[in-house]
Amino acid sequence: MADSGTVKTADNRAFWRRDMEGKECTGAEILVECIIREGVDLMFGYPGGVVLKVFDELYARRDQIRVVLPRHEQAGVHAADGWAKVTGKVGTVFVTSGPGVTNAVTGIATAQMDSVPLVVFTGQVSRDLIGSDAFQETDAIGVTRPIVKHSYMIERPQDIARIVRQAYYIASTGRPGVVLVDVPKNVTFEKAVFEWPETVSIRSYKPTTEGHPKSIQRLADAIAESKRPYLYVGGGVVMANASDHLLELVNKTNIPVTTTLMALGAFPGTHPLFAGMPGMHGSKLANICFQECDLVIAVGARFDDRVTGKLSAFAPKAKIAHVDIDPSSIKKTVKVDYPVVGDAHWVLRELNKVVKPRQPNEWNRMFAEMKETHWFRYRPSTEVMRPQYVIEKIYEMTKGDAIISTEVGQIQMWAAQFYKFDKPRRWLTSGGLGTMGYGFPAAIGAQFAAPDAMVIDIAGDGSIQMNIQELTTVVENRLPVKVVILNNGYLGMVRQWQEFFYDRHYSSSVIGGLPDFAKVADAFGAKGLTARTHDDVVPVLEEGLAHPGPVFMDFHINPEENVFPMVPAGKALDEMQEEEWA
Amino acid sequence: MNRRHIISVLVENHFGVLARISSLIAGRGFNIDSLTVGETEDPTVSRMTIVTRGDEQIIEQITKQLNRLIDVIKVTDMTECAHVERELVLIKVAAPTAQTRTEVVQVVDVFRARVVDMSTATLTIEITGDSEKVDAFIEMIEPFGIKEMARTGSVAMGRERNGRASRGAETRVA
């Protein structure tokens, strides 16, 4: 599989059409040429009326750039998102106007919330029709304004090259995100002289990558003074490919580490100083450490409400250090004593140069002790099929080396709790927006990025139905994506909250009329397997994971299973509810 | 502590920038008293002046979030430096009798406002000044009966002493 985290942009200069330079070309020709020059060799695209000129050019350039057709634009954006997370490069999507844009909106919001670098091109009606409620017209810029990092409308073909360069630059630098480029139909037909800007410079956009040496020194001093330091690592460390520097820091200082849902794999899940994921469904260990530490060192994390619990009771004994590339993340919800604005890779590297080695102390002894008792656990059973057991078996069989994507809800939490990630960029989940229907298409993107990797989507019976049409995409493209459906007949997380907080009124959380998922897979031309009892789990996994093509594995788990531990919304992190051990 | 802040924002003079800023303010739930926008000495740059209230943390978030927008060149909290503030207000006030007209004109004179239009029943007054002056004037004129009012919102500029600008708190972190 691809050596994750270190994938370089392919040097595809051989594909460049040098003959275009200085010549009059159509907007479509320039646009596709620019996308290729940005190093893109694969995009997810769904055609439509106003983008046909572009798709015609993509046809002409099909040997240089592959266009994958998803079966729904939302899935196309999620696929590009999964691809971007695995490769570390900017994902590219092309959709048509109107419904093409609105279908893509969920994918765009999902990627933006999780800081995934994407450039999404949207078709637009011709300039003279804009604002006239033309067929398939939507104000794409307006609809997406709050859910993108930036957006452009291309007004003239001579602006295409500059805008495409800026779009990829903005998407991939600073705190990464989604850039939308709206392309009116007339621009794709009109002609301009093609000139390739070698460099990008935007006077109003200068992200701070290099953390200030003084703030880094202050952080190092704070660590030296701390008796109970605690590292709180977020997705920014994955984005910045800073895992090696993080490990070096921990090896030097023996500071325990928690990684957020977004950052699983940023620090080895099997490391003795790993506290697990924190927050609402985090480990008791990770949460107690917040409450007991005297210094929280947040790196590329954003103090999300699902992590902190009740803010006024969060980390009551601690000073807070916060390293983030996005200044607006610092002091957004919590007061920060040691702010450092900068890229996690840069800051951790510099910090390692000045931080004093720290020997394990009483805090480390406490940590090791608590790790024995305060880790994720469940009562094993052979009577019922427990979902945690299924995840554990997947972990064992794949030796922790698979790329795991997830849908959203209970299954997402069990996957996060029981699969141990030792490497970054192998965990794809919608953390911020919490988008059901994300995992399957994200797995498709991941499989394109790493064709030889084992890619598994952990799904629920509810969420898999939100993008189940992508079975066609995996079959058509011969992608050996494995889908594990933990089937309880409920929207499980909704049901759990209804059980705890709404008198067990299972309002709209019972999923009636479930199909036989194995037969669904079969009908699409994929393999389908069903596990009905505890004893079926291992044989079904063995057969399914060994199959060379796409598989749906339907596991009929214990229906009223809950995710524990749980910090109810609005409670402090030490007010955890745990599984009863009757 | 909730204080009034005047935030000056230099932005690219593009189509759509005002929409981005107002959408950000609405989407993040920031309260604003006024927002004005106009060209600067450089035609590619516009200046937006935003008057808002909030404690230190809210103001910090507003300035940071503004800075995060790609089209924003510079954000300055004018409240942190010596500055001049002006707002222009047009007020149509009821003045149906010679007596009320005289009284209104007296108030206008004291505040150095100007009468810019007149009818048998109303006077239209123009006043410029900082928010304190404008508010005080409105308080005085209110009893006569304000028919209509249009406010431009505040604009502001840092003061200069001996050729040196008094700098506001520039919040671009670099």
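- Top candidate by heavy-atom pairs under 4.5 Å with chain A, chosen from B/S23, B/A26, B/G27, is B/S23.
- A 6.0 Å sphere centred on CG of A/D128 holds more than 12 heavy atoms belonging to other residues, nucleotides or ligands.
- Going from atom CG of A/D326 over to atom NZ of B/K64 covers 8.5 Å, rounded to the nearest 0.5 Å.
- For NZ of A/K332, the number of neighbouring non-hydrogen atoms (other residues, nucleotides, ligands) closer than 6.0 Å is greater than 12.
- Atom CG of B/N31 is surrounded by 12 or fewer heavy atoms from other residues, nucleotides or ligands within 6.0 Å.
- Rounding to the nearest 0.5 Å gives a distance of 12.5 Å between CG of B/N67 and OH of A/Y205.
- Around atom NZ of A/K319, no more than 12 heavy atoms belonging to other residues, nucleotides or ligands sit under 6.0 Å away.
- With 3.5 Å as the limit, one finds a donor-acceptor pair spanning the side chains of A/R203 and B/T44.
- With a threshold of 4.5 angstrom between heavy atoms, B/Q57 approaches chain A through side-chain atoms but not through N, CA, C or O.
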Next item on the list: May I have the step-by-step check of side-chain contact (heavy atoms from CB on, under 4.5 Å) for B/E56 and A/K331, ending in yes or no?
Entry: CA-CA 11 Å; B/E56 203 182 316; A/K331 298 190 213 169; over 6 Å; no

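- Of the two parts of A/T209, neither the backbone nor the side chain holds a non-hydrogen atom closer than 4.5 Å to a non-hydrogen atom of chain B.
- Heavy-atom contacts from other residues, nucleotides or ligands closer than 6.0 Å to CZ of B/R114 number 12 or fewer.
- Taking NE2 of B/H14 as the reference point, atom OG of A/S204 lies at 7.5 Å (rounded to 0.5 Å).
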Next item on the list: Take B/R20 and A/S151, measure what side-chain contact (heavy atoms from CB on, under 4.5 Å) needs, and give me the verdict at the end.
Entry: CA-CA 10 Å; B/R20 276 185 219 282; A/S151 48; 3.0 Å; yes

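- Once rounded to the nearest 0.5 Å, the distance linking CD1 of A/I202 with CG of B/D71 reads 9.5 Å.
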Margin query: For B/R68 and A/K149: C-alpha separation, side-chain torsions, deciding distance, then whether side-chain contact (heavy atoms from CB on, under 4.5 Å) applies.
Written below: CA-CA 9 Å; B/R68 208 174 164 208; A/K149 183 170 176 185; over 6 Å; no

